[in-house]
Each structure stands twice: as structure tokens, then as C-alpha cells.
Amino acid sequence: MITIKHLSKRFVNPDGSIFQVLKDVNCEIDRGEVISIIGPSGTGKSTFLRAINLLDPPTGGEIIFDGENILAKGYPLNKLRQKMGMVFQSFNLFEHLSILDNVTFAPMKLRGLGREEAEKEAMALLRKVGMSEKATAMPSDLSGGQKQRVAIARCLAMHPEVILFDEPTSALDPTMVGEVLSVMRQLASEGMTMLIVTHEMKFARNVSTRIFFMNEGIIYEDGTPEQIFENPVHSATKQFVQRIHKLVFEVDSPDYDLLSVHSQIAAFCNKYNIAGKRDAADRVIDTMSSSVAASLHPYTLRFTYSEQTDVTAIDYMKEGVGQSFLSEADPSVLTTLRSLCQEVVEEPTARGFRVKFIL
Amino acid sequence: MIHFTTLRKLWLPAVCMATWLLAACGGGGHKSIELKSEADLAGHKVAFNSGSIYDILLSKRDDIEKLSFNMQTDCIEAVIRGQADLMVDDDTFLPPEEMKRLGLKLAFRGETKFACGFAFRKNDKELRERLDYFIDSLRSTGELELMYEKWYHCDTPSRVQLPDLGPAPTGKPVRVAFSANLPPTSFPVEKEWRGFEPELLERFSRYAGVPFEYAFIPSSSSVAALQAGNVDMLGGGIFITEERQKTLDFSSVHFYAYAGYFVKDTPEQGQLGFWPRMKQMVQNNLVVENRWRYITEGLWETVKISLFSILLGSILGAGVCWMRMSRRRWVSGIAKVYVDLMRGIPMLVFLMIMFYVILSGTGMSATAVAVVAFALNFAAYVSEMFRTAISSVSKGQTEAGLAIGFSHLQTFFYIVAPQALRSVMPVYKGEAISLVKNTSIVGYIAIMDLTRASDMIRNRTFDAFFPLLIVTVIYFLLAWLLGKLLDLAVKKQA
């Protein structure tokens, strides 16, 4: 359906220097495929997506859509974009139109539908994304997740053959990510061809038929989710999918800033979409600091999350100790702690001892 | 459409105006001054018309405080209200009955005798020589003297009629600007100009076979109008001085005048009650000689200029905005220079430059020139408003429009423009209303707009207050109505 050959894109900075975002992107996309594009930030994922529908025209290469080179002069670009929907990170609903009008506007102007027909179709689409109730509302009345669902309905109203999703959940409050992902999951199951730039590793893994790992301006590795997440070929891919996000606090006195720890953990959970773990984490830390950890200082408190294994953990580490400091704890405290997590691992390290709470 | 609640908003302004009205009816303090000759003027405040001979005459004296006004009415008002101790003008400029009514009296006559004539551009010999011959022949038959007696030595020159001279000749008219519109020299009654000079010129018109056309242009800008070719002759009791002869040519002397120095006198008008006084004002300012027609015609002129300027200016403004946002450096540069230039020139100055210099040879009517000038000015201001409004619509809106399959043009008109329009409306409305009010300066290029209409009435009735009150109310309603109209337009569009 889409064949991309030697696609490149470079920007000229205001100071005259040249920044090569895309170097040589090659790929083949078939009808019905759901492709997630992952990779470190700044490697051109979004630029790649925006180059495909020529919002950021590429500076070199070829894009063949249904057998035609869309970069050729005189190619009907507006017609192409009608067949190639796009969902933005910042939703971009038409602010001056109601929710219903947002969905009917383009079909009426571009597909030549009458108002009645367009509205009938729009209501069906809004029902599909769960937004029919808000048909008469204005975009400013909606939450981010609701806006994004409307944006998807608006996109579908043009009957696109493929939809490009440019980080559709990155601007959302974590509590709203789920509703958008479930709409996307439904679309994927219906056989819509989708290209998704995302940081949602779990979603990419569960929903995609194929993953592009982008790095340094090229598709570094291309494969099924199993290949990319379980057996990556390149070390860069491996490093990316196995990377562990962590927060580290060095605690030197019993009077350390507990509030700051909590707020940093909250932000961390939001960022990696593990808000569900936040409550347990807070309670483990509170319980520890009022019992075992009260006289433990100096020690290191570490909060970690692995996207690949989807494991969240809290580590208490103390140097120069040979045995578990948890054993001195009151039995009731221990019971509380164990009830808060899946597993408590007590293990010696090279320089001391570590207690790991797996949440 | 216009709800009761919006009418209620008019209460406060109405109360303010009523307060002003009561204050204005009060009049200034009274101070009697004994003056016998020009030597006694020292230390006094003297009001006079700017650009008149008295302006020049008094400019040599450092021992008096000078108050220069645009019109005689303003001088009179200044004396009556006590802002000036006395005023100077032609000794015959006020008929005796009028003087009594207003509460002025002639303190003394100046010693110098001034020769009056019509002014022409240099080199405009033919017409001037024919007029000279005509004046001289009238003088030799004694007819000129009779005419002078008829207009200047009667009690109520405003009731004197022009003799029946038969139908006016046809053809290209000679355009005359009177810098005074007062009896007995030259004054308008409804559509007709009467007075000593109009009679003289109408007689000449029949003799020479050319029609004449008259307008009122204050002395402060009449010379510019003559030199720019907007008019062919100046009248209204123009004094012939050596200095003026350097730049202008003059006809033969048709009469002589003396400077008259007027001071405040106890007005004859008794203590009339408020309502009888108001009734008298309405009678005097609106009913007599159908003077309300000045107001309706002036209003029409103001409305015409305002609406066309707003319309043309908005279109131009959109064009300038488009240029300003162009990616081509030189195109946006031109637009920027234009905007900066227009914003840096006072509107009055720009209007006069357009009328007397840039568009003076094009044969465009003064109204058309005013529309062009105001539109150009309006365009500069609104283009910047449009630009800010368009830039305030987020880039994502454009991207969403393009991504769904609209062309650039469609995206702009369907998505960006409606949103920009909404945010620009409050400031745009303010600018449009301020344009309506700014049109009050078009009198400077001899357009009879609403403000000039009040001047005309004021000059005839010497009532500084009532005509101003009327036009104030009309301007206010006009601005209010325009605001409502624009609100309605936006609502309909949404």
C-alpha cells in the first residue's frame, strides 16, 4: 500500500547549520497492518510520520502510495490526505465548531455529503468512540481524552485508508490514556491500517502487528512485537526496550524531605503510565520510614520501572551490612508491607544489603 | 434585535449629558471692561479668528494675551463665557439686533481702514480682470454703494433677499470659498448663499455668463484650498494686505471695513425658565430656515464616509495583512513600512495632504478623498489587528485542516479565519467606532459633515451649546448603533 524508499529530511537551522532528522528510511506497509513506531526521543519518529502525508515534506526519497509517487509534481495532495487521516498529539479539534460539526465539516465540504447524511454518519462514529452524548458541546468543554476520541471520529468520517497517529496519548492525563487506547485497539481489530508513534510500550506490544524501532534517523530494526521486545537483534534496540527507568534518593538523616519523594514518585508514575502503582509505593515508603527506615540512615532509596517486563519496584539499599535489616521489624509492620506488594526480596549485594519490594 | 436591557445602558450617558446641559445653560461670570482705543488692549485677553487679518494685526503686539479660534462663534462664546475679555472682527460682522440678543456690544472701532476684495491664484488673470472691470463699472454707476447700504446698514441683514436676477447660466462653475458664513457679507440660507458678496458675484455671473458655486471653508485652510486648485476664488471679506499679495492676486476693492472690538454686555434676554429656553433653542437652531437640514445632510455625509471607509479599509487591511504575513521579505517589508508610516501621521494632517497635495489634481470629490484617506488609515490599523488575530490561531488548527484534506485556501477560510474573526472583533469594533468619530475632521477639506453642520448652525445662531449637544448625541447613537451592527454580523456568521 505504501512503499517508502530512501526517505530523508533535513532542517536548516536559523544559524545556517543543517540538521539531518531522517537519513535513509525504507519500509513497506501493507493494508491492515498496525505498525508502532518506537525509539528514543529526537530520532525522527514524528517527522517520519509527518513526512508521509507531506505536512513536513521530505527533502529526498520516494513515497509510493497505491502505486503512485506522491512526491511527483502535480500529485493531488489534498485527495491523498483525505485517504490518509492523521491524529495529533494536541488533538487540534476545530475550536470554533461543535463536536458534531467537527465530525461533519470535512465530509460536507470535501465528500459532498448533505447535512442530514453527514450528521447521521457522524453520530454513528461518535457513538463508536463513546462521545455521542457530547455532540452539541464545544471542544473547550471536553477533557483531553474526550477530545482525542472526537479527533479519531473526525478522522474516520473521511473514510481514510490509513490513519497516522502522532503520539496520540502523550499530551493526556494518565487517567485518560486508557479510553483513547481502547478506541485505537478497536480500530486495529477492525482491520484499519494504522501507523502509530507512541511511548506506550505495553500497547505497542499487544496491539501492533509490526514494530519499527527508529534510531539516528533510520528504521534501526523492524519486526514483530515478539522479535523487538524479546529477541532484539541490535544492541541499541535491546538497550531501548530493556531500559529501566529509575528515581534515586540518598537518605542521610531521618528528617529527609518525604513530601518531595512522594511528589517525585507521583510525577514518575504519571510519566510512565503506572499510576496504579503509586498508592502502594507511597504506603510502602510511609510504612518503612516510620518503622525500619527510621534509624537506617544513611541508605539509598530507589524507585524503578522496567517497560519491557512491566515491573515496578522499590529498593532499600544499605552499605556495609551483612544481613537483612527487615528482620528487626515488628511482625505487624512486616505483614502490612507484604500485603502492599507482590513480593519482597531480601538479598545481599557486593557492598551491603538490599530489600526489594516488587509492587 | 435591540433589547430593553441594551437601552437601559444608555441611561448613564443620558444623565451625564443632562448634567452638562444644565451646566452649559448657566453662562460665565460677568466683568465689565472700559475700553476706548487699541492702546487700552494691553493686558487683556483678546479672541480672534486664526488666519484672519486680525491674527496678523495682533501678532505684532506682545502686551496682550491672544486666543485664536477657528470660527467667530467660538470667539463670541469665549467673550460671553468670560474666557476672553474681548474679541475683534469686522465692525459690521454682527447686526445690532443679534448683538443685543447675544449680550455683546461694540467697545470701539479700530483706526485702520481695511480694503476687502476677492482672492485669486497668481496667474489666474482672465477671470480676475473681468471681475475687476465689473466691480469698477458698478462703482462708477453708484450701484455698488447702494448694494453696500442695503446689506450693511439694515437692522436684520439675515432677512434681506437677493434680487431676482433670472436663471443662472450653465457651464463649468467657478468655485468660490467663503471664509465667513455670517450676515451681511456672505451667509447661507438653506441652499442659497446670500449677502453682499454673493449678490455681487451673482450679478457678475449673469454679466459674464458663468455659473458660480459656493462653499464654506474656514480661513485656517482656505488659502491651501485655493492654491491646490480645489476652489478658484476666496471671498467672505478677505482683506487685501501686502503680505498676502506676495502669494495671491486680489480683485478690485469692493468695500472697506474697520476692526471692531466687542466686549460683553448684559444680555437683553430675561430670566427665561428652562423649558421656554430650550424651546427657543430648538426654534432658533433647528426650525428657523429649516436649519435641521444641515444636521440631516451632515449626518448622511458622516454615515457615507464612515461606512465606505470601513468597508474599503477592511478590504485594504486584509490585503496589507496578507502582504505583512508574506514569506517574501520585501513584500512584508513594504507592508511594515506602510503600517508604520500611517500610524505615525496624524489623521488630520494626512487628510489635508491627500486633499491639497496628492489627490488635488485628480478631480475627485472631497468626500471620495476623505473615504480614501480614512480607508488607508483604517487599513493600517486593522491589518495589524488581523495579523495578531490570525497568528493567535494555533498552528495545529492549520495542520488539522490540511491533514484532513483541505487546500491551504480552504483551511484559511474555513478554519483559521472564523476563529481569527472572533478574537479580532472587540478591537475591530473599537477601531471602527473611533473612525466614525474621527470623521469629524473632514470639515477641514470643505465637507459638510455632522460636525461642520453644527458649525454652520452655530455660526448663524451664535449658540455654541445646543448644536454641539445635538451632534454629540447623534455621534453617540451612531457609535452605539455601529457596535450593535457589528455584534449582529458576528453572531450571524457564527
Side-chain angles (χ1 to χ4, degrees), chain A residues 46 49-57 76-98 101-112 138-140 147-148 150-167 171 195, chain B residues 314 318 321-322 324-333 336 382 385-429 486-494:
Chain A
S46 286
L49 209 63
R50 292 163 61 86
I52 296 176
N53 74 348
L54 269 51
L55 268 189
D56 277 339
L77 195 54
N78 300 329
K79 281 269 180 295
L80 166 84
R81 285 174 177 157
Q82 292 174 26
K83 288 188 263 181
M84 211 184 248
M86 188 165 205
V87 173
F88 298 86
Q89 181 179 349
S90 50
F91 333 123
N92 298 342
L93 291 185
F94 302 138
E95 297 291 334
H96 62 303
L97 299 177
S98 73
D101 291 342
N102 257 280
V103 184
T104 58
F105 194 63
M108 282 168 63
K109 299 279 185 199
L110 295 172
R111 284 175 51 211
M138 293 305 280
S140 52
K147 282 188 198 176
Q148 196 61 297
V150 174
I152 292 172
R154 176 178 71 178
C155 198
L156 291 171
M158 286 305 288
H159 298 177
E161 292 173 24
V162 51
I163 303 181
L164 313 173
F165 290 87
D166 186 6
E167 303 200 24
L195 260 80
Chain B
S314 301
C321 170
W322 178 77
R324 188 80 175 81
M325 294 183 87
S326 166
R327 259 186 238 115
R328 283 188 204 103
R329 222 30 105 59
W330 63 272
V331 175
S332 73
K336 187 172 187 312
V382 296
M385 291 176 190
F386 290 164
R387 188 168 71 100
T388 347
I390 290 169
S391 333
S392 75
V393 176
S394 83
K395 211 173 143 236
Q397 295 287 317
T398 309
E399 285 187 349
L402 291 176
I404 212 161
F406 287 118
S407 67
H408 274 98
L409 217 61
Q410 285 173 319
T411 303
F412 179 78
F413 283 108
Y414 290 160
I415 293 150
V416 179
Q419 295 182 47
L421 201 66
R422 254 184 222 184
S423 67
V424 84
M425 219 50 214
V427 270
Y428 178 83
K429 203 169 95 178
L486 289 174
D487 283 346
L488 211 72
V490 172
K491 249 185 216 144
K492 203 156 194 182
Q493 191 272 334

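Values in this document were obtained by computation on a predicted structure and should not be read as measured data. Just so it is clear: chains get the letters A, B, ... in the order the sequence lines come, proteins before strands, and each one is counted from 1.
A distance of 12.0 Å separates CZ in A/Arg81 from CD1 in B/Ile404, rounded to the nearest 0.5 Å. Separation of atoms CG (A/Asn78) and NE2 (B/His408) is listed at 8.5 Å; rounding is to 0.5 Å. Between B/Leu402 atom CG and A/Leu54 atom CG the span is 11.0 Å, to the nearest 0.5 Å.
Using a distance-only test at 3.5 Å, with no hydrogens or angles considered, no donor-acceptor pair links the side chain of A/His96 to the main chain of B/Ala417. Under a 3.5 Å cut-off, the side chain of B/Gln397 and the backbone N or O of A/Leu93 do form a donor-acceptor pair.
Heavy-atom pairs under 4.5 Å with chain B were tallied for A/Lys83, A/Arg50, A/Met84; the largest tally goes to A/Arg50.
Using bins of under 30°, 30° to 60° and over 60° for the plane-to-plane angle, the ring pair A/Phe105/B/Phe406 lands in the tilted bin.
Both the backbone and the side chain of A/Arg154 come within contact range of chain B, each with at least one heavy atom under 4.5 Å from a heavy atom of that chain. Proximity to chain B (any heavy atom under 4.5 Å) is shown, for A/Phe94, by both the backbone and the side chain.
Closest approach of A/Gln82 to B/Gly405, counting heavy atoms only: NE2-O, 3.6 Å. In plain terms, the two heavy atoms of A/Asn92 and B/Gly396 that are nearest each other are ND2-O, 3.1 Å.
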